[in-house]
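Counting starts at 1 for both ligands and their atoms, in listed order.
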Amino acid sequence: ADGKPDRGVPGVKAGKTPGVPETPPPGPGELQQTPQEIEGPFFRLGAPRRSSLLEPGDQPGVILSGRVLNEKGTPIPGAVVNFWSSDACGNYDMAGYRYTGYVVTDEAGRYEITTIIPGYYQPRKARHIHVKLQAVSRPVTTQLYLEGEPGNTDDEYYHPALLVPCTVDDAGV
Ligand code: FE
């Protein structure tokens, strides 16, 4: 009604799971911190640095870009941003490093990675990309959700602040 896109309602565990830090409300003039979410069982330490997670034969599904900022909005260069997701069928690679890797933010705090649209798997309802980033303080672990995915608001971890606005290019990416 206010002309903004409907970003949906948070799931019951969005941004608040036992053992996961809850982000404090922003101070005056500060940005709201990114909600933290579960790491889950599939984070693979030692994944390679690379800006594409595509495997041979994959078509690119998503080019995910963003910035790492502190609460004041100041870009954080040199932050290590790890990504991991399931394959298109919802399976994680627990032996190798398929669909996981990390990038390092540039001088403006920017990152970009090309990957597939992951599958989803029980009990999750939403396709999601796990993220763990670290700069000069504690790591931040969260998940990102893709705009337009029908399962988002049925997922207990879905949070509107973690919804990635998407546009589709001529190649369908
Ligand atoms: Fe997952």
Side-chain angles (χ1 to χ4, degrees), residues 6-23 32-68 79-105 111-135 138-168 172-173:
D6 179 8
R7 296 238 157 155
V9 293
V12 292
K13 293 183 178 174
K16 48 187 175 193
T17 306
V20 175
E22 275 197 56
T23 52
Q32 175 66 58
Q33 292 182 37
T34 301
Q36 298 203 42
E37 298 214 303
I38 51 165
E39 177 179 300
F42 302 119
F43 175 62
R44 299 278 290 154
L45 196 63
R49 179 176 179 173
R50 52 184 172 180
S51 59
S52 173
L53 303 184
L54 299 180
E55 292 287 328
D58 284 345
Q59 296 298 319
V62 180
I63 302 169
L64 176 66
S65 62
R67 289 190 298 163
V68 179
V80 174
V81 190
N82 281 276
F83 299 91
W84 70 104
S85 79
S86 72
D87 64 19
C89 298
N91 298 308
Y92 285 86
D93 183 1
M94 289 309 291
Y97 293 104
R98 285 162 53 93
Y99 305 113
T100 183
Y102 74 93
V103 294
V104 178
T105 57
Y111 63 82
E112 181 176 293
I113 195 162
T114 300
T115 187
I116 59 165
I117 296 176
Y120 60 95
Y121 52 90
Q122 293 302 325
R124 302 298 302 274
K125 307 291 190 209
R127 303 173 196 274
H128 56 275
I129 297 172
H130 295 269
V131 184
K132 182 188 291 290
L133 74 91
Q134 187 157 24
R138 286 168 297 179
V140 170
T141 303
T142 193
Q143 308 180 81
L144 296 175
Y145 303 88
L146 303 175
E147 182 181 21
E149 285 293 331
N152 284 340
T153 52
D154 296 327
D155 189 279
E156 59 188 354
Y157 294 99
Y158 170 76
H159 191 295
L162 301 172
L163 183 67
V164 179
C166 296
T167 55
V168 182
V173 179

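For the Fe ion (ligand 1), the tally of protein N/O/S atoms lying closer than 2.8 Å stands at 4.
More than 12 heavy-atom neighbours from other residues, nucleotides or ligands sit within 6.0 angstrom of NZ on Lys132. At most 12 non-hydrogen atoms from other residues, nucleotides or ligands lie less than 6.0 angstrom from OH of Tyr120.
Remark: Arg98 CZ to Leu53 CG distance equals 11.5 Å, nearest 0.5 Å.
With respect to Glu156 and Lys13, a salt bridge is recorded, a charged nitrogen being found less than 4.0 Å from a carboxylate O.
A donor-acceptor pair under 3.5 Å links the side-chain atoms of Glu37 to the main chain of Gly15, judged by distance alone.
Ring orientation note: the planes of His130 and Trp84 are close to parallel, at an angle under 30° on the 30°/60° scale.
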